[in-house]
Visitor: 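Before anything else, here's the structure in question.
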There are 2 protein chains.
Amino acid sequence: MAEERRTDKVSIVEIARQAGVSPATVSRVFNRPDIVQAQTREHVLAIAGSHGFRPNRLGSSLRLGSTRTLGLVLPTLSNPVFADCFEGAEQRARQSGYSVMMTATHYDPTLETAAVHRLIDHQLDGIILTVADARKSSILKTLKARGMNYVLAYNESVIHPCAAVDNYAAASDMVSHLAGLGHRHIAFLSGPLDLSDRAKSRLAGSRHCARALRLERVRHYVMLSHTASDTATIARILEAASRPSALFCSNDLLATSVIAIVKELGGAVPGDISVAGFDGIRYGAFMSPSLTTVEAPGYEIGKAACHLLLDQIEQGAVRSEQLRYRLIEGASVAAVSPLSRKESHAACANQ
Amino acid sequence: MAEERRTDKVSIVEIARQAGVSPATVSRVFNRPDIVQAQTREHVLAIAGSHGFRPNRLGSSLRLGSTRTLGLVLPTLSNPVFADCFEGAEQRARQSGYSVMMTATHYDPTLETAAVHRLIDHQLDGIILTVADARKSSILKTLKARGMNYVLAYNESVIHPCAAVDNYAAASDMVSHLAGLGHRHIAFLSGPLDLSDRAKSRLAGSRHCARALRLERVRHYVMLSHTASDTATIARILEAASRPSALFCSNDLLATSVIAIVKELGGAVPGDISVAGFDGIRYGAFMSPSLTTVEAPGYEIGKAACHLLLDQIEQGAVRSEQLRYRLIEGASVAAVSPLSRKESHAACANQ
DNA sequence: GTGAAAGCGCTAACAA
DNA sequence: TTGTTAGCGCTTTCAC
């Protein structure tokens, strides 16, 4: 019976020949088994089985004009928040019988463009992507112009369909929270802003709230990358005459490395300075000190993005979805002093 | 000039018609530009550009019998070690012009099989995969029987090509290290062994070393999953009359959650009990206490697996590669007592 | 240097 | 219920 034996070039035609039926019948056996006579079906299936034959999707994709495959373009999977996003999207995709082609761009717009072109060439049915900056992205224009189905993940946009949290409001909430703990001098840390519109919105939200609460103006420090901070800059911040009492980092990877650097420099978190992050990575809870952060649900964002994309592909419905964030209070942020707490506790209303 | 305009069904044939050349010439312009006259080439390129035309890979894949796409099948991306593996593999693949189709199996052999079948159907040129148990995996037999190119990642095997560390030796080294710190009573923690042959080898390596060093027999505690430990079991271990002085967990996710649970139960790590992990996830260094673990280089494993796979596809060379591991000493393991250290410091020679 | 023609594997009309 | 036929987009001999 030798199932799944070496498969030298068996196609639907060869199976048809051996089964004494037409290729169309073999095709039907695999795609609409119900409409072919039980006897014929079993016979064809037996022949196919003996060859380990499985229909070549390339053929049907070409014919049908659909690959039932989605593309996923994310900055990096070493940030757990994007790994979660992948899991959410892939799970949702699989549930509808779609496969996923995935690629990482490492925050490089050139790779972004190249990646999307590769996906287009493969005739994917749709693409989920996180771009550096949704407003400036030329590849989004290309996608739109081609009539390609796509959904942004993490990037917010009014022009393009997207699944994201309200970064502006979330950052504002975090600053409000810090202010509630007596922090009046807060600095914002991120990688280059032109590589992340999320960081841009988070900075804007922070400044907005600081202004509303009449805190000191939020200074912005730019790290070389979005995934690790530079010791020199952190040292400079700590040594400054008027140093901030809290550092708000545009993501948890940055926050984690800031905390490590502060310790290396002989400082203590939150003793000498409070540090907050953004994203809510799982490991934040196990760190020392545990991370105060804004949780943006990666898995849910991926799942929602995929769901939106499938709606687009299957019903032509182009929609966006905003996901809820949640402030997580860890031990990396402490109150400045009992006295100053009350006066600044007027939160800027968001969400 | 309207580049990249809406692309209604332009194929190489349509471009050829508009350019007044044959489809063959258009094909040559994209694949072997050098062999077509500069003037013709520019003309064709201009027409193609004005349509935003890019050759449909489905056509060429079908014709050429190669998709230039690789499959990647991993348990889960929420374990950073697998996320790193993805990054290594994808980077290496892209470098050679290959795309990657990725799927997560969540340690479920059924999903493993289904995933591989999906990839086969898509006619991928090769597959990198981590299976539950390489010895028992039926899907590996299928792959081999079909003459499909594939490489295992993380799984060790003498039958199948693989990229992995020596789990047995690494676990043995860890136990040796623990013994060196005075631990004579060590327990091993993992998820179900039939879902991870790595865990199986690590347990075996641990027991081997314990025997060699005449430590107490290593007891094995089975958690419900490979990613989180159950409070009840941990409580039972802590309350036991003769409790182990060290817990060796088969991966860092497990170690992390064990530490959290011990704390919840009012215990201290390493005060009351030492905890070691395996994998060397980046976050281990930032945790409290920092993780003592064996670093298995995920990125390198993924990169090596991909490299081996490409060698297989392009030169028909079927090889394996063993990667180096490294013991990382964190603060989650402490010495038992200064006295007992010396006598048990005879390491079992491995690697 | 370029073109004509066949065919990779599949499915959807349409016909029987 | 099943078969015949055409064609999805591409590349590649083999002519010219």
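The chains referred to below are lettered A, B, ... by the order of the sequence lines, with proteins before strands, and numbering in each begins at 1.
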Visitor: Taking all non-hydrogen atoms of both residues into account, name the closest pair between B:C306 and B:A89 and its distance.
Guide: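 Answer, listing the atom of B:C306 first, then B:A89: SG-O, 3.4 Å.
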Visitor: So B:Y107 and B:H226, would you call those rings parallel, tilted or perpendicular, with 30° and 60° as cut-offs?
Guide: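 Plane angle under 30°, so parallel.
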Visitor: In this structure, are over 12 heavy atoms from other groups packed under 6.0 Å from A:Q315 atom CD?
Guide: yes
Visitor: Hey, where on DNA chain D does chain B first and last touch, going 5' to 3'? Cut-off is any atom under 4.0 Å from a heavy atom.
Guide: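 So the outermost contacting nucleotides come out as D:dG9 to D:dT13.
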Visitor: For the helix from C:dG1-D:dC16 to C:dA16-D:dT1, how many degrees between its two end axes (five pairs per end), to the nearest 10°?
Guide: 30°
Visitor: Could you tell me which residues satisfy side-chain hydrogen bond (donor to acceptor under 3.5 Å, both in side chains) with A:R135, sequence neighbours excluded, listed by chain and number?
Guide: none
Visitor: Going through the checks in order, is the side-chain contact (heavy atoms from CB on, under 4.5 Å) test met by A:V116 and A:I120?
Guide: CA-CA 6 Å; A:V116 171; A:I120 289 175; 4.0 Å; yes
Visitor: Report the C-alpha distance between A:L129 and A:L143 in whole Å, list the side-chain angles of each, state the deciding distance to 0.1 Å, and finish with yes or no for side-chain contact (heavy atoms from CB on, under 4.5 Å).
Guide: CA-CA 11 Å; A:L129 70 174; A:L143 248 20; 4.1 Å; yes
Visitor: Does anyone know the first and last nucleotide of DNA chain C in reach of chain B, 5' to 3', at under 4.0 angstrom to a heavy atom?
Guide: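 Going 5' to 3' along DNA chain C, contacts run C:dG1 to C:dG9.
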Visitor: Indicate yes or no: at least one non-hydrogen side-chain atom of B:H122 is less than 4.5 angstrom from one of A:S99.
Guide: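 A side-chain contact exists here, since the closest heavy-atom pair is under 4.5 Å.
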Visitor: Are the charged groups of B:D121 and A:R57 less than 4.0 angstrom apart, N to O?
Guide: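 Result for this pair is no, no salt bridge flagged.
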Visitor: Does A:F30 have its ring centroid less than 6.0 Å away from the ring centroid of A:F53?
Guide: yes
Visitor: Does some side-chain heavy atom of A:L140 sit less than 4.5 Å from a side-chain heavy atom of A:Y150?
Guide: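 Of all side-chain heavy-atom pairs linking A:L140 with A:Y150, at least one is under 4.5 Å.
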Visitor: Any Lys/Arg nitrogen of A:R319 or A:D311 sitting under 4.0 Å from an Asp/Glu carboxylate oxygen of the other?
Guide: yes
Visitor: State, yes or no, whether a side-chain contact exists between A:L70 and A:L310 at a heavy-atom distance under 4.5 Å.
Guide: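 Yes - at least one pair of side-chain heavy atoms lies under 4.5 Å apart.
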Visitor: Any residue in residues 59-66 of chain B with a heavy atom nearer than 4.0 angstrom to DNA chain C? Just list them by number, or reply none.
Guide: B:L62, B:R63
Visitor: Identify the heavy atoms of A:R198 and A:A132 that sit nearest to each other, and give their distance.
Guide: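 Closest approach of A:R198 to A:A132, heavy atoms only: NH1-O, 3.3 Å.
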Visitor: Does any part of the side chain of B:V73, heavy atoms only, come nearer than 4.5 Å to the side chain of B:I127, both counted from C-beta?
Guide: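 Yes; the side chains approach each other to less than 4.5 Å.
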Visitor: Go through residues 21-39 of chain B and report each residue with a non-hydrogen atom lying under 4.0 Å from DNA chain C, sorted by number.
Guide: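 Close to the strand are B:V21, B:S22, B:A24, B:T25, B:R28, B:V36, B:Q37.
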Visitor: May I ask you to check whether B:H51 and B:Q18 show a side-chain donor-acceptor distance below 3.5 Å?
Guide: yes
